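Only this structure's heavy atoms are used, side chains among them; waters, hydrogens and symmetry mates stay out. As the structure is a computational prediction, the values presented were derived from the model and not from experiment.
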Amino acid sequence: MLKKTKRSFWKKKSSIGYLFATPWIIGLSVFIIGPIIASFFLSFTTYDMVNPPNWIGFTNYKILFTLDPTFWKALGNTFYYMFGSVFLKVLLGLIFAVLLNNAAKFMGIFRTIFFLPVVLPAVPVMFLWMMLFNPRSGLINQVLSIFGIDGPLWLNSPIWSKPALVLMSLWGIGGIIVIFLAGLQGIPTELYEAAELDGANKIQLFWKITVPMLRPIIFFNFVTGLIGASQVFTEAYVMTGGGPLKSTTFVNLLIYQLAFKDVRMGYASAISVIMFLILVPLTILLFKIYQRQTQL
């Protein structure tokens, strides 16, 4: 009798939990799982959003892998941005967090200053950066000229356009800094005190205590950063339009151009499926590497 009472109690609890989770489940089904299934189906068709989809099998994938150099260019640009921006964000975010953590007196003020760019509207900020990257009148090149350095063309150069966008991505580093600060607050001070008694210097404290204790947070920031950076779109759409010479044509921008400008929804869906099939194994691989590192 007691077991039945416990079962009915937990069933009631579970039903209440599912009830509260219903909006999220509906959103997940309608806005994430549904479009993924639809994209997978449309990738085997030609579809112009006016006429019904026409089944063509693997033709889109054959064109994608054999006849479309733009896709490989966009894929390379995307990976360049992903790993370049995320590596710098995690590295600088960790360094700034350590420095801010030592300035405990003004931590609240500095935390607000660093996090403020994250909540600012993206498009106006990008127009501001376009002014900063202006080869002639931009502040960045003017500062470089003071030191006798001829600044690059930045967004107007196929060589410097991607580094410029990577540099701009550091503007939103505040979110990572706040997460690192929370992790630093959780490290017991006794570890540092014991190491200092053994004669450890600041660098040794950082590499032997801070970094190992923050390893889960570093991994979290790196993985979520990669997934977020793989969806880069607005920066290229607003600032460069994918140019010059397609040097900033990222996969998401290419999908948009094919789907809504060229009205090739089936082909754009094939690219989105390929990107999905790349990101999922990459994420799993990163988790495997992290698990091996933690077991050493």
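Taken together through direct or relayed side-chain contacts under 4.5 Å among Ile, Leu, Val, Met, Phe, Trp and Tyr, Ile56 and Val273 form parts of separate hydrophobic clusters. Placement of Phe287 and Leu285 in two distinct hydrophobic clusters is found when ILVMFWY residues are connected by side-chain heavy-atom separations under 4.5 Å, directly or transitively. Hydrophobic clustering, with ILVMFWY side chains joined whenever heavy atoms are under 4.5 angstrom apart, groups Ile33 together with Leu277. Met265 is not connected to Val50 by any chain of hydrophobic side-chain contacts under 4.5 Å among Ile, Leu, Val, Met, Phe, Trp and Tyr, and they are in different clusters. Under a hydrophobic clustering in which Ile, Leu, Val, Met, Phe, Trp and Tyr are joined whenever their side-chain heavy atoms come within less than 4.5 Å, directly or via other members, Phe222 and Val280 fall into the same cluster.
At distances below 3.5 Å, not a single donor-acceptor pair connects side-chain atoms of Glu196 with backbone N or O atoms of Glu193. When atom types are taken as modelled, the side chain of Asn60 and the backbone of Ser43 share a donor-acceptor pair closer than 3.5 angstrom. Looking only at distances, no side-chain donor or acceptor of Asp68 sits under 3.5 Å from a matching main-chain atom of Ile63. Here the side chain of Asn101 pairs no donor or acceptor atom with the backbone of Ala97 at under 3.5 angstrom. A side-chain donor-acceptor contact under 3.5 Å links Asn141 to the backbone of Pro152. Asn201 places a side-chain N or O within donor-acceptor distance of the main-chain N or O of Ile203, the cut-off being under 3.5 Å. Here the side chain of Asn77 pairs a donor or acceptor atom with the backbone of Thr249 at under 3.5 angstrom. Between the Gln142 side chain and the Ser137 main chain, a donor and an acceptor come within less than 3.5 Å of each other.
You'll find the side chain of Val90 reaches within 4.5 Å of the side chain of Phe180, heavy atoms only. For the pair Leu226 and Leu286, the minimum side-chain heavy-atom distance is below 4.5 Å. A 4.5 Å side-chain heavy-atom check between Tyr267 and Asp262 finds every atom pair outside the cut-off. Between Leu279 and Met82, the closest side-chain pair of non-hydrogen atoms falls below 4.5 Å. Counting only heavy atoms from C-beta outward, the side chains of Tyr192 and Ile187 approach each other to under 4.5 Å. Counting heavy atoms from C-beta on, the side chains of Leu75 and Met275 come closer than 4.5 Å. Counting only heavy atoms from C-beta outward, the side chains of Leu165 and Leu155 approach each other to under 4.5 Å. Counting heavy atoms from C-beta on, the side chains of Lys89 and Leu170 come closer than 4.5 Å.
Between Trp171 atom CH2 and Leu132 atom CG the span is 8.5 Å, to the nearest 0.5 Å. Here CD1 of Ile209 is found 5.0 Å from CG of Leu205. Values are rounded to the nearest 0.5 Å. A distance of 10.0 Å separates CG of Leu181 from CG of Leu94, quoted to the nearest 0.5 Å. Taken to the nearest 0.5 Å, the OG1 atom of Thr78 stands 8.5 Å off from the CG atom of Leu254. Between Asp150 atom CG and Leu144 atom CG the span is 9.5 Å, to the nearest 0.5 Å. Here the straight-line distance linking atom CD1 of Ile217 with atom CD1 of Ile176 works out to 12.0 Å at 0.5 Å rounding.
Closest non-hydrogen pair, Tyr47 versus Pro52, comes out as CD1-C, 4.2 Å. Closest of all the heavy-atom pairs between Pro53 and Leu42 is CG-CD2, 3.9 Å. Residues Leu214 and Gly183 come closest through the heavy atom pair CD2-C, 3.6 Å. Smallest separation of non-hydrogen atoms from Ser39 and Ser269: O-CB, 3.4 Å. Heavy-atom minimum distance, Leu253 versus Gly241: CD2-C, 3.9 Å. The shortest heavy-atom contact between Ala229 and Val86 is CB-CG2, 4.0 Å.
Take Thr248 and apply the side-chain hydrogen bond (donor to acceptor under 3.5 Å, both in side chains) test, not counting sequence neighbours, and it matches Thr240. Thr70 pairs by the side-chain hydrogen bond (donor to acceptor under 3.5 Å, both in side chains) definition with Lys246, not counting sequence neighbours.
Taking the ring centroids of Tyr237 and Phe233, they lie under the 6.0 Å cut-off.
In the displayed structure, Trp160 atom CH2 is contacted under 6.0 Å by at most 12 heavy atoms of other residues, nucleotides or ligands. A 6.0 Å sphere centred on CZ of Phe58 holds no more than 12 heavy atoms belonging to other residues, nucleotides or ligands. Within 6.0 Å of CZ on Phe65 lie more than 12 heavy atoms contributed by other residues, nucleotides or ligands. More than 12 non-hydrogen atoms from other residues, nucleotides or ligands lie less than 6.0 angstrom from CH2 of Trp55. Residue-environment remark: CD1 (Ile159) stays at or below the threshold of 12 foreign heavy atoms within 6.0 Å.
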Exercise for review: Report the C-alpha separation of Tyr256 and Asn252 in whole Å, then their side-chain angles, then the decisive distance to 0.1 Å, and conclude whether the side-chain contact (heavy atoms from CB on, under 4.5 Å) test is met.
Suggested key: CA-CA 6 Å; Tyr256 167 80; Asn252 271 16; over 6 Å; no

Point to revise | Derivation and outcome, side-chain contact (heavy atoms from CB on, under 4.5 Å), residues Phe250 and Glu235 | key: CA-CA 10 Å; Phe250 302 111; Glu235 293 86 343; 5.7 Å; no

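Ring planes of Phe133 and Trp154: tilted class, angle from 30 to 60°. Using bins of under 30°, 30° to 60° and over 60° for the plane-to-plane angle, the ring pair Phe44/Tyr61 lands in the tilted bin. Between Phe219 and Tyr290, the ring planes are parallel. Angles under 30° get that label, and only those over 60° would be called perpendicular.
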